[in-house]
Amino acid sequence: MSRPRIVIVGAGFAGYRTARALSRLARGRAEIVLLNPTDYFLYLPLLPQVAAGILEPRRVTISLSGTLPHVRLVLGEADRIDLDGRTVHYTSPEGGGGTLAYDRLVLAAGSVNKLLPIPGVAEHAHGFRGLPEALYLRDHVTRQVELAASSDDPKSCAARCTFVVVGAGYTGTEVAAHGQLFTDAQVSRHPMRTGMRPRWLLLDVADRVLPELDERLSRTADKVLRERGVDVRMGTSVKEATHDGVLLTDGEFVETRTLVWCVGVRPDPLVESLGLPMERGRLLVDPHLRVPGRPEVFACGDAAAVPDLEKPGAYTPMTAQHAWRQGKVCAHNVAASFGDGERRAYRHKDMGFVVDLGGVKAAANPLGVHLTGPAAGAVTRGYHLAAMPGNRVRVAADWLLDAVLPRQAVQLGLVRSWSVPLDTASPELARVPGGPGREQGGAEASGAGPAKNRDRPGGEPAGSRPGGEPAKDRPARNQPVPAPPADQPPPGSGAAPGPVKRTDTPADPVEGDS
């Protein structure tokens, strides 16, 4: 008798935890298949430290095959799910197609950058959801400081030294905090850069930093940011983003060459194509993480609207903490669907949050105890070491080296602006010329085959690209990127300028800043 097959789509916090727990529960009695576009699990909370040059990229990546020895890894992105036929259709990294049949399906596709209809956002902004985006930001910030130092034009120098982060949630706050320290170090340790003053702006329509967290954490983070020199502007939005900067809603025009878009996330577009009941773009499930009417389908993490049993009528927020816990419960319930154990309803208890503000500063409230300063910093780093499923010694070693040695601020040039577009359904993958790419909606376009088989460039302004090619010479968005001649670099290999800010004020806080 053949073993039942369990297919897990996505290896984020929810998918990885589901696969790990299931492999222990199944004990070889079921075939577990993990479909993911990369061969690693990304520990997203430490991504700002990669962008700031504290951690090397591999430190925040956990090998799937190395840590899940009893799970079959299939590299690819899910294009389409046939619920009636119980099959998942996917595209491999090299553009080929494949199909996986399943007896049980776990949808843990995660989330992507949240876009808002503000002029210039898609063309001039970059998100912060994947490793390619973090590597691009590190190179871009370093490049802007170096170009500013060699410029004889004070106006150009000031614009290049201005960095704007949009969204003062968990991710945006940490990016701004680490970014300010990173650029200050590049300037203070270089005698030729005397007088340069890097400026970081943190914008949000909310009335305080970290609006989704406890007010005491918010006050601590706000104080640290302002003392460090970050220009924190709450209740401020952006009317338009341009090549030279952004126009704020208060009428001020900020000249800049950098935008980091951290306004929140939205569920992966894949779940929208299923035609099942949704809640604000998330797939509705019952407290046991099962899709109503589809007993063989489970969903967890950012893609699932999980009832919050602690707050009747509400759904759990899109955070890494919930996704990690839901993955464990999902594994037990999948096993129970085969008669192995009893199913469980997802319940959670708030264990507190930690926010790394760089250096020895942090804000934390473990088990409701509010901490600040070095004590919070120690608890924050201790929490991350305990939560990471691997690489703990390497991460700790990088932290130690960063404390005693200057950071290596160099451009590697491995990720270009056009290869990390904001409007992508696959932030974990850098786009390549002529390579397979997954489109915004995850749907097929007429006459073009599956959407993932088309690449879309990032729409990069001319002024920050080598050679200053006119913007009209960029490949049109939604079109394949042609492979460049062997003796030429890909088009659009520089940086994208211009901060932007959302203009809408949602009734509820933006979800998913995990």
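For reference, positions follow the sequence shown, starting with 1.
- In this structure F128 satisfies the ring-ring contact (aromatic ring centres under 6.0 Å, His included) test with no other residue, sequence neighbours excluded.
- For K155, the salt bridge (charged side-chain N to carboxylate O under 4.0 Å, His left out) partners are E255, not counting sequence neighbours.
- Residue pairs meeting the ring-ring contact (aromatic ring centres under 6.0 Å, His included) criterion with at least one member in residues 188-238, sequence neighbours excluded, are F163-W200.
- E56 is linked by a salt bridge (charged side-chain N to carboxylate O under 4.0 Å, His left out) to nothing, counting only residues two or more places apart in sequence or in another chain.
- The ring-ring contact (aromatic ring centres under 6.0 Å, His included) search around H348 returns H322, not counting sequence neighbours.
- For A158, there are no side-chain contact (heavy atoms from CB on, under 4.5 Å) partners two or more places apart in sequence or in a different chain.
- In this structure, R282 contributes its side chain and P267 its backbone to no donor-acceptor pair below 3.5 Å.
- Scored by the salt bridge (charged side-chain N to carboxylate O under 4.0 Å, His left out) test, D214 finds R216 as partners (sequence neighbours excluded).
- Among residue pairs with one or both ends in residues 383-394, those qualifying as side chain to side chain donor-acceptor pair (under 3.5 Å) are Y43-H384; sequence neighbours excluded.
- Qualifying salt bridge (charged side-chain N to carboxylate O under 4.0 Å, His left out) partners for D402, counting only residues two or more places apart in sequence or in other chains: R407.
- For A11, the side-chain contact (heavy atoms from CB on, under 4.5 Å) partners two or more places apart in sequence, or in a different chain, are L34, N36, L64.
- Sorted by first and then second residue, the side chain to side chain donor-acceptor pair (under 3.5 Å) pairs with a member in residues 366-381 read T220-H370; sequence neighbours excluded.
- Ion pairing of D231 with R199 is present here, as a side-chain N (NZ or NE/NH1/NH2) and a carboxylate O approach within less than 4.0 Å.
- L412 pairs by the side-chain contact (heavy atoms from CB on, under 4.5 Å) definition with R138, D139, V410, L414, not counting sequence neighbours.
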